[in-house]
Structures are given as C-alpha cells and as structure tokens.
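As the structure is a computational prediction, the values presented were derived from the model and not from experiment. These values consider heavy atoms only, across backbone and side chains, with no hydrogens, waters or symmetry-generated copies.
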Amino acid sequence: MRIYTFEVYHLNPSKEGFSNYTFTYTIRGFNFWGKPKKQNPETLITLNYTANNSFDSRTLEIETVGLEAGRYQLEVIIREGPKGERHVKRRVEFEIIES
C-alpha cells in the first residue's frame, strides 16, 4: 500500500464557490523491453471531487497488494470542466520488491 498526497491548484470555482474535478490514476507494469505496458493496466480508477475554492489537497491510499514484484508506473491525470478540457498529467515510476 502507498499513501499518495496530492494538491490541485488553479481550479475554476463556480459562482457558488465550488470546483469539481476528476482524479484518475493508472498503474502499469513494464514490458519485456522496459517500457510501460500500453494495454491492460493493473489498476485504473477515477474519482470525482468537489473543492470549496480554487485549491484542494487530498490524501489517497493506493493499494499495491496483489501486484507482483517488479517495476511499475503510476500515472495521475486531473481533469476539470464538463468535458475535462483542462487537465494535467504526471507520472512516477516505482518498484515492488518481494519481502
């Protein structure tokens, strides 16, 4: 299990002062050539959040139990707007080691 804390800046609040956005994360293993697999991610989850202003901070538990030892890539995409027209994407690699 990993704990992931993220902060979102520059959201566009509505007249009521709320900002709605989606947080999608994907965990992909690496293929034989050392590249992240494009198909069939190990985990793909989308969560919807509402912030009280143009900034939000969340802590999320990302479950890694069940993943085999090896290298993985965590990709996070945050989208705002009815069709997700505003978005940002970040990636980080990590390794699970058998204990």
Q: Given side-chain contact (heavy atoms from CB on, under 4.5 Å), test Phe23 with Val8 step by step and report yes or no.
A: CA-CA 10 Å; Phe23 176 95; Val8 182; over 6 Å; no

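- Connection of Val76 to Phe94 is established within a shared hydrophobic cluster, with ILVMFWY side chains joined at heavy-atom distances below 4.5 Å, either directly or through further cluster members.
- Tyr72 pairs by the side chain to side chain donor-acceptor pair (under 3.5 Å) definition with nothing, not counting sequence neighbours.
- Taking the side chain to side chain contact (heavy atoms under 4.5 Å, CB included) definition, one finds that Lys89 meets it with Glu75, Ile77, Arg91, sequence neighbours left out.
- No more than 12 heavy atoms of other residues, nucleotides or ligands shown are found within 6.0 angstrom of CD on Glu68.
- Partner of Arg71 under the salt bridge (Lys or Arg N to Asp or Glu O under 4.0 Å) criterion, chosen from Glu95, Glu93, Glu42: Glu93.
- Within the structure, side-chain hydrogen bond (donor to acceptor under 3.5 Å, both in side chains) pairs that include any residue of residues 18-27 comprise Asn20-Thr50, Tyr21-Asp56, Thr24-Thr46 (at least two apart or interchain).
- Considering OH of Tyr49 and CZ of Arg58, their distance stands at 6.0 Å, rounded to 0.5 Å.
- To the nearest 0.5 angstrom, Ser57 atom OG is 8.0 Å from Phe6 atom CZ.
- Remark: the backbone N or O of Val65 is paired with a side-chain donor or acceptor of Glu63 at under 3.5 angstrom.
- When hydrophobic clusters are built by joining Ile, Leu, Val, Met, Phe, Trp and Tyr residues whose side-chain heavy atoms come closer than 4.5 Å, directly or via intermediates, Leu11 is grouped together with Leu47.
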Q: Go through the steps for Glu80 and His10 under the test side-chain contact (heavy atoms from CB on, under 4.5 Å), then give the verdict.
A: CA-CA 10 Å; Glu80 184 185 28; His10 307 294; over 6 Å; no

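- Residue Thr43 holds its OG1 atom at 5.5 Å from CG of Leu67, rounded to the nearest 0.5 Å.
- For the atom pair NZ (Lys37) and CZ (Arg28), the distance works out to 10.5 Å, reported to the nearest 0.5 Å.
- Phe55 and Ala51 get closest at one heavy-atom pair: O-CB, 4.0 Å.
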